[in-house]
Amino acid sequence: DVLWKVRDQGTLAATTWYFNLENHDTLPKEFNFIYDPANREMGYDGNFFFKTTEFQSIEPHFIHFFRAIEHQDLDLWKELKEMVKPG
């Protein structure tokens with residue numbers, strides 16, 4: 001099952017700064033993908049594959065949705081609603 005969670009990223013940022021990890025290597029994009037439907041340099045290809053100016057095609061394992069609530073009419077949002085239950 002896939003669970004939907006809304007989280008505050010402030011705790012993550014505070015922990016990063018507390019432990020002086022802000023210059024630490026970051027996760028690969030597949031594990032920390034940020035999708036902004038308003039960003040014209042990003043596109044959604046369906047089946048959870050995305051395009052960006054950096055990647056021809058990427059299938060992320062973890063996705064952060066930026067401003068997704070404002071774009072509930074998108075195909076991606078409809079696909080999510082079919083597979084995700086509130087948690």
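Ring pair F31/H61 is parallel by interplanar angle, where below 30° counts as parallel and above 60° as perpendicular.
Put simply, the side chain of Y35 reaches to within 4.5 Å of the side chain of M42, judged on heavy atoms. Between E79 and F48 the shortest side-chain heavy-atom distance falls below 4.5 Å.
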Let me check something: any side-chain donor-acceptor pairs from residues 17-30 under 3.5 Å, sequence neighbours excluded? List them with distances.
none

For residues 51-59, dump all side-chain donor-acceptor pairs below 3.5 Å to protein atoms at least two apart in sequence or in another chain.
residue, atom, partner, partner atom, Å
T52, OG1, E54, N, 3.1
T52, OG1, F55, N, 2.9

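Checking side-chain atoms of D36 against main-chain N and O of A38 turns up a donor-acceptor pair under 3.5 Å.
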Under the ring pair (Phe, Tyr, Trp, His ring centres under 6.0 Å) criterion, do F62 and F33 qualify, and how do the steps go? CA-CA 6 Å; F62 297 100; F33 186 73; over 10 Å; no
